[in-house]
Amino acid sequence: RGVEKRFGSVRAVAGLDLEVPQGACFGLIGENGAGKTTFIKMVLGITRPNKGELSVLGGSPHDVNLRRQIGYLPERLQIPESFSALRFLASVGRAKQLTRPQIVDETRRVLELVGLDPAAWRRSTGGFSKGMRQRTGLAAALIGHPKLLVLDEPTDGIDPLGRAQIRDLIVAAVREGTTVFLNSHLLAET
């Protein structure tokens with residue numbers, strides 16, 4: 001309610017009132033610089049609003065336990081180039097406090113779900129195409145069955161067939177009760 005974020009004299013988010021019901025797919029659409037990513041960063045607890053109140057999944061976005069229930073694919077995902085997809089996802093699983101067997105099961109599940117070729121799972125991500133890195137990032141966002149999935153430009157770098165697969169994956173997540181925030185500057189994506 002009344003969420004505002006300023007950077008000096010620039011109002012990036014101006015008095016936003018928004019309520020998104022659980023299990024909804026909500027599209028944030030606007031041109032570059034419209035404040036979409038700033039809003040997402042407030043939802044994720046990365047930055048705080050200057051004014052207003054913000055509740056995510058019924059609690060504070062700064063609550064570590066609540067943050068474990070959120071999956072996030074940033075617009076510019078950075079994966080250490082020496083990491084394999086398996087190693088990267090294991091690090092995400094540990095951050096979400098999954099057990100070792102859960103990490104193994106979840107990693108396989110999400111990599112299959114996003115359609116990353118199993119031959120690539122153990123390869124260094126430094127040699128991945130942009131689309132392969134994007135699929136790995138999406139897998140990381142999906143690990144642990146998050147209640148909230150925040151996707152910032154999720155199909156960036158993905159071929160048309162892959163875009164359709166990702167749209168189907170988002171629809172399936174919503175059908176399972178996951179709330180999805182989809183951030184895009186492309187009208188066709190929302």
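The chain is numbered in sequence order, starting from 1.
Residues passing the ring-ring contact (aromatic ring centres under 6.0 Å, His included) test with F181 are F26, sequence neighbours excluded. Qualifying side-chain hydrogen bond (donor to acceptor under 3.5 Å, both in side chains) partners for T37, counting only residues two or more places apart in sequence or in other chains: D152. Applying the salt bridge (charged side-chain N to carboxylate O under 4.0 Å, His left out) rule to R123 yields no partners; only residues at least two apart in sequence or on another chain are considered. Not a single salt bridge (charged side-chain N to carboxylate O under 4.0 Å, His left out) links K51 to another residue, sequence neighbours left out. With sequence neighbours excluded, the residues forming a side chain to side chain contact (heavy atoms under 4.5 Å, CB included) with K147 are L57, Q69, listed by chain and number. Remark: T178 pairs with L149, A173, V180 by the side chain to side chain contact (heavy atoms under 4.5 Å, CB included) rule, at least two apart or across chains. The side-chain hydrogen bond (donor to acceptor under 3.5 Å, both in side chains) search around S124 returns none, not counting sequence neighbours.
Of all heavy-atom pairs between M132 and A120, the closest is CE-CB, 3.6 Å. What you find for A140 and V92 is that their closest heavy atoms are O-CG1, 3.7 Å. Here the closest non-hydrogen pair linking L111 and A139 is CD2-CB, 4.0 Å. Taking all atoms of both residues into account, the shortest heavy-atom contact from T179 to G23 is OG1-N, 2.8 Å.
Listed by first and then second residue, the side-chain hydrogen bond (donor to acceptor under 3.5 Å, both in side chains) pairs that reach into residues 17-26 are R1-E19, sequence neighbours excluded. Sorted by first and then second residue, the side-chain hydrogen bond (donor to acceptor under 3.5 Å, both in side chains) pairs with a member in residues 58-67 read R48-H62, N65-R68; sequence neighbours excluded. For residues 79-106, the pairs satisfying salt bridge (Lys or Arg N to Asp or Glu O under 4.0 Å) are E106-R109, with sequence neighbours left out. Applying the salt bridge (Lys or Arg N to Asp or Glu O under 4.0 Å) rule to pairs touching residues 125-145 yields K130-D156, sequence neighbours excluded. Annotation: ring-ring contact (aromatic ring centres under 6.0 Å, His included) contacts involving residues 88-116, sequence neighbours excluded, are absent.
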Give the C-alpha distance, both sets of side-chain angles, the deciding distance and a yes or no for side chain to side chain contact (heavy atoms under 4.5 Å, CB included) between R6 and N50.
CA-CA 7 Å; R6 289 184 172 272; N50 298 106; 3.6 Å; yes

Step-by-step side chain to side chain contact (heavy atoms under 4.5 Å, CB included) determination, L116 to T136:
CA-CA 7 Å; L116 186 66; T136 303; 3.6 Å; yes

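Using a 4.5 Å heavy-atom threshold, the side chains of Y72 and I40 count as touching. Residues K5 and T47 form a side-chain contact, since some pair of their non-hydrogen atoms from C-beta on lies under 4.5 Å apart. Residues V3 and M42 form a side-chain contact, since some pair of their non-hydrogen atoms from C-beta on lies under 4.5 Å apart. Residues I79 and F128 have side chains not in contact (no heavy-atom distance under 4.5 Å, counting atoms from C-beta outward). Between V150 and N183 the shortest side-chain heavy-atom distance does not fall below 4.5 Å. Contact of the C25 side chain with the I170 side chain is registered, since non-hydrogen atoms from C-beta on lie closer than 4.5 Å. Side-chain atoms of I70 and P146, non-hydrogen and from C-beta on, never get closer than 4.5 Å to each other. Side-chain contact check for L142 versus L113: some heavy-atom pair is nearer than 4.5 Å.
One distance of note links CD of Q97 with CD1 of I103; it measures 10.5 Å at 0.5 Å rounding. Rounded to the nearest 0.5 Å, atoms CD1 (I29) and NZ (K36) are 8.5 Å apart. Distance check: T125 OG1 to Q78 CD gives 10.0 Å after rounding to the nearest 0.5 Å.
Under the 4.5 Å side-chain contact rule for hydrophobic residues, V13 and V20 share a cluster. By the rule that hydrophobic residues join a cluster once side-chain heavy atoms approach within less than 4.5 Å of another member, I46 and L18 end up as members of one cluster. Under the 4.5 Å side-chain contact rule for hydrophobic residues, I143 and V104 do not share a cluster.
Judged by distance alone, with hydrogens and angles left aside, the side-chain atoms of Q134 form no donor-acceptor pair with the main-chain N or O of G131 at under 3.5 Å.
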